[in-house]
Amino acid sequence: MDPDAVAKAFVDHYYSTFDANRAGLANLYQEGSMLTFEGQKIQGSQNIVAKLTSLPFQQCKHNITTVDCQPSGAGGVLVFVSGTLQLAGEQHALKFSQMFHLMPTPQGSFYVLNDIFRLNYA
Amino acid sequence: MLTFEGQKIQGVEDITAKLTSLPFDKCRHVISTINSQPSTLTGGIVVFVSGSLQLPEEEHHLRYSQMFHLVSTLEGNFFVQNDIFRLNYG
């Protein structure tokens with residue numbers, strides 16, 4: 001398992017799915033998955049997708065600036081992302097940082113166990 | 001493991017050597033946010049920090065984000081198994 005390859009594939013898939021159809025993120029999370037979104041703690045795939053699909057914008061585009069990753073032991077991969085988030089109709093892009101802890105599935109792919117998202121204000 | 005602004009370093013000695021060789025004598029971290037979650041399958045904790053780093057004689061603070069994956073030791077403490085640091089520019 002090459003953590004860099006896993007991280008790159010995951011980041012590409014996650015943000016393109018987020019930008020096209022947030023409901024499609026459901027199969028990247030499981031019951032034990034946790035999201036902390038700007039300090040709010042949410043657990044489980046259903047609740048996480050409910051939160052993400054209810055965010056107050058229709059369209060957005062993530063532009064990724066940096067991706068760092070490390071193996072976390074037990075076959076997991078930690079991924080640390082920074083970038084900008086452009087909302088339709090907003091003049092200025094928002095800067096964000098996000099970390100994921102990915103764990104392997106029996107089918108040979110990965111799901112998100114831990115997810116923490118923060119906007120980076122000026 | 002430490003990834004410091006994209007540079008990968010492994011092991012206590014090499015990590016300490018990197019941190020002590022950073023090009024400043026004094027600095028002060030001011031923490032803005034801390035978020036953490038249990039990493040249930042590794043028995044550890046993931047910690048996500050954002051804040052600013054003030055270097056003496058520099059007028060403007062540097063903003064940064066950093067994540068740690070803490071894993072418990074046999075003695076009941078935690079050590080840093082994973083550490084990723086990034087400055088937040090712009």
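In what follows, every chain begins at residue 1, and chains take the letters A, B, ... in the order their sequences are listed.
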Distance only, no hydrogens: is a donor on one side chain within 3.5 Å (strictly under) of an acceptor on the other, for B/Thr3 and A/Gln70?
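The answer is yes; a qualifying pair exists.
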
Does either side chain, that of A/Arg118 or that of B/Asn35, offer a donor lying less than 3.5 Å from an acceptor on the other one?
yes

Quick one: does any side-chain atom of B/Gln37 pair with a main-chain N or O of A/Asp115 as donor and acceptor, under 3.5 Å?
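Flag set: sc B/Gln37 to bb A/Asp115 pair under 3.5 Å.
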
Value rounded to 0.5 Å, distance of NE2 in B/His69 from CG in A/Asn114
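Result: 8.0 Å between the selected atoms.
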
NE2 (A/His101) and CE (B/Met67) are apart, to the nearest 0.5 Å, by 8.0 Å

Of the backbone (N, CA, C, O) and the side chain (C-beta and beyond), which part of [X] lies under 4.5 Å from a heavy atom of chain B, both, or neither?
X: A/Glu38; answer: neither
X: A/Met34; answer: both
X: A/Leu35; answer: backbone

Test side-chain contact (heavy atoms from CB on, under 4.5 Å) on A/Phe80 and B/Phe48 and set out the steps.
CA-CA 10 Å; A/Phe80 191 52; B/Phe48 190 52; 2.8 Å; yes

For A/Tyr121 and B/Ser32, run side-chain contact (heavy atoms from CB on, under 4.5 Å): C-alpha distance rounded to whole Å, both residues' side-chain angles, the deciding distance at 0.1 Å, then the answer.
CA-CA 10 Å; A/Tyr121 296 107; B/Ser32 304; over 6 Å; no

With side-chain contact (heavy atoms from CB on, under 4.5 Å) as the test, would you mind laying out the steps for B/Lys8 and A/Asp4 before giving the verdict?
CA-CA 12 Å; B/Lys8 298 186 181 195; A/Asp4 289 308; 3.1 Å; yes

Shortest non-hydrogen contact from B/Asn88 to A/Ser97?
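Result for this residue pair: ND2-OG, 3.7 Å.
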
